[in-house]
Every structure is written in C-alpha cells, then in structure tokens.
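Contents: one structure, followed by commentary.
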Amino acid sequence: MIKRSTTTVSAQSEASKYYDTTSGITYSSITHNNGVTYRVALPENGTVSDAILQIVSPNSFAWCGFAWGGHMTQNPLSVGWATRDTTGQQAIISSRIAYGYYAVPYPNENAEYTYLQGTTANETHWQVTTRCQGCTKWSSADGDFDLHTQTEAVVAYACSSVPPEEPKNNGSLFNIHEQFGIWSHDLTIAKNGSFAAWVVGNKYEQ
Ligand code: HEM
C-alpha cells in the first residue's frame with residue numbers, strides 16, 4: 001500500500017543567479033529549507049527543447065525529483081539519486097512521467113539526458129548535472145508547453161530518504177516522496193548565450 005506523504009516543505013521564495021566556478025555555468029538556482037538545491041540553465045533562444053539541470057542534495061535524501069511543469073502528473077520529471085557507489089558513477093538521473101498519483105512514474109521516452117561534469121557524491125552530498133533535451137517543451141493531456149518563451153515557470157520538487165529498490169539502475173522502482181514543494185522559478189536569469197559552449201566544455205568523464 002502506498003502511504004500518502006505528510007510533509008510539505010515551504011519553498012524559499014526566489015531563485016537567484018549562481019555562477020559555478022568549476023564548470024563556468026551560470027544557473028538560476030534555488031535552495032529549499034530542506035537543503036536541496038535545484039539549478040536550471042537555458043540557451044538564450046530556445047528554438048528546440050534544451051536545458052541543463054543540476055540537483056544538489058544532502059545524503060539524508062536518497063532521491064529528489066524536479067517536475068518541469070510544477071506538479072506530479074503530465075509533465076517531464078527528472079528524478080536524481082545517489083548510486084551509493086564509491087567509485088564510478090555516483091549519481092544518476094531517471095527520466096519519468098506520471099499520469100496519476102498512485103503509481104510509480106513511467107519512463108519518459110520524450111526526454112534525452114546527457115550527463116555533464118558535476119555528477120558526483122561525497123561524504124555529505126550527492127549531485128547530478130545533466131543536459132535534458134525534451135524537458136522544457138512538451139505536450140500532454142494538460143496542453144502544449146514551452147518554457148523557453150516564459151520568463152518564469154511554476155516547477156516542483158519531491159524528495160525521499162528511502163532509496164530506490166536498485167540504486168544503480170535508473171529504471172528502478174521507488175516509493176512515494178516524504179516531501180514535495182511547488183515554486184515559481186526565474187527563467188530570465190537562466191538564459192545565456194554561452195549555453196552551447198557549456199555543454200561542449202563540461203563533457204562527463206568518470
Ligand atoms: C512512486 C512514486 C510516487 C508516488 C507513489 C507518488 C504519489 C503521490 C501522491 C499520492 C500525491 C498526492 C498528494 C499527497 O501526497 O497528499 C503526490 C503528489 C505530488 N507528487 Fe508524487 N508520487 C511519486 C513520485 C513523484 C515524483 C518522482 C515527483 C517529482 C519529480 C512527484 C511530485 C509530486 C508533486 C509535486 C506532488 C504535489 C501535487 C501536485 O502538484 O501534483 N511525485 N504524489
């Protein structure tokens with residue numbers, strides 16, 4: 001039986017500009033009260049769906065997901081988790097979409113992810129940095145969406161301390177979140193003419 005989640009953590013109200021000195025990427029970044037950070041970078045003119053997403057989570061959360069349309073169903077979900085490996089790839093992203101609230105979200109075949117540098121873990125945190133082609137434009141039962149034409153977007157997160165059944169497999173089953181939150185994320189500061197260079201310059205190597 002699936003338990004209903006009981007905690008909603010109130011979100012910090014505003015995203016701000018964050019310059020990552022290691023990668024050179026400037027993100028629109030927000031850190032919520034639970035200590036989890038979500039960062040988005042976009043091309044200046046998004047004619048096709050393209051974005052960089054970074055999730056940085058304390059190890060107390062086993063997985064955290066980002067919902068590009070601000071709710072659980074009918075929008076791309078980028079779910080990150082720690083593999084708990086000490087070598088090799090230490091964090092992965094799972095491409096999902098949900099059509100209802102009482103099932104594990106399905107694989108989302110319409111989004112393609114490429115790992116970037118900054119996909120790692122240490123004693124305190126895990127983090128995943130990926131390019132997503134297909135997360136910022138989608139069509140679903142809720143309509144057609146294009147975040148590239150918006151100055152801000154209502155997005156959402158969900159996190160759990162309970163690890164997926166198979167942490168090394170991004171197709172794994174996992175259970176319901178213990179927390180979720182919804183906020184409006186500034187996209188103006190996410191847009192940057194250097195986007196293409198960031199993708200090329202931050203290829204993921206283990
Ligand atoms: C096995 C996996 C999951 C289950 C069983 C599940 C189940 C549910 C249920 C029952 C609710 C109703 C509200 C409540 O808890 O009282 C809910 C809400 C929500 N879920 Fe999930 N969930 C799962 C995974 C996810 C993931 C991966 C995300 C995001 C990446 C997510 C995002 C949300 C959000 C944002 C809400 C708030 C209501 C909304 O705006 O849609 N969930 N979920």
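One-based numbering along the sequence shown. When a ligand or atom number is given, it counts from 1 through the structure's own listing order.
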Between R131 and Y113, is NZ or CZ placed under 6.0 angstrom from the six-membered ring centre and within 45° of the ring axis? no

Which bit of I182 is near ligand 1, meaning a heavy atom under 4.0 Å away: side chain, backbone, both or neither? side chain

Below 4.0 angstrom from a heavy atom of A156, which ligand 1 atoms are there? Numbered from 1 as shown, please. 35 (C)

Side-chain donor or acceptor of N170 paired with backbone N/O of I93 under 3.5 Å: yes

May I ask you to list the atoms of ligand 1 that are less than 4.0 angstrom from any heavy atom of A158? 28 (C), 29 (C), 31 (C), 32 (C)

For ligand 1, indicate whether the residue V104 contacts it via side chain, backbone, both or neither (heavy-atom separation under 4.0 Å). both

Between H32 and Y38 (judged by ring centroids, cut-off 6.0 Å), do the two rings come close enough to count as a pair? yes

Under 3.5 Å, is there a donor-acceptor pair between the side chain of N59 and the main chain of N122? yes

Kindly confirm whether atom 21 (Fe) of ligand 1 is within less than 2.8 Å of some N/O/S atom in M72? yes

Walk me through it: do H125 and S57 pass the test side-chain hydrogen bond (donor to acceptor under 3.5 Å, both in side chains)? CA-CA 5 Å; H125 288 75; S57 170; over 6 Å; no

Main-chain N/O of E165 paired to S172 side chain as donor or acceptor, under 3.5 Å: yes

Atoms in ligand 1 flagged as close to H71, the criterion being non-hydrogen separation under 4.0 Å: 39 (C), 40 (O), 41 (O)

Considering only heavy atoms of G65, which atoms of ligand 1 have at least one such atom less than 4.0 Å away? 30 (C)

Determine, using heavy atoms of H177 and all atoms of ligand 1, whether some pair is separated by less than 4.0 Å. yes

Within ligand 1, which atoms have a heavy atom of Y102 less than 4.0 Å away? 10 (C)

For K203, is there any backbone N or O sitting under 3.5 Å from a side-chain donor or acceptor partner on Q117? yes

Within reach of ligand 1, part of F180 (heavy-atom separation under 4.0 Å): side chain

Check the orientation of Y157 and W183. Use parallel for under 30°, tilted for 30 to 60°, and perpendicular for over 60°. tilted

By number and element, which atoms of ligand 1 are closer than 4.0 Å to a non-hydrogen atom of V79? 27 (C)

Should the proximity of W63 to ligand 1, defined as any heavy atom under 4.0 Å, be assigned to the side chain, the backbone, both, or neither? side chain

Under 4.0 Å between heavy atoms, the region of F66 that gets near ligand 1 turns out to be backbone

Reference residue K137; test side chain to side chain donor-acceptor pair (under 3.5 Å); the match among D144, D50, T47, D146: D146

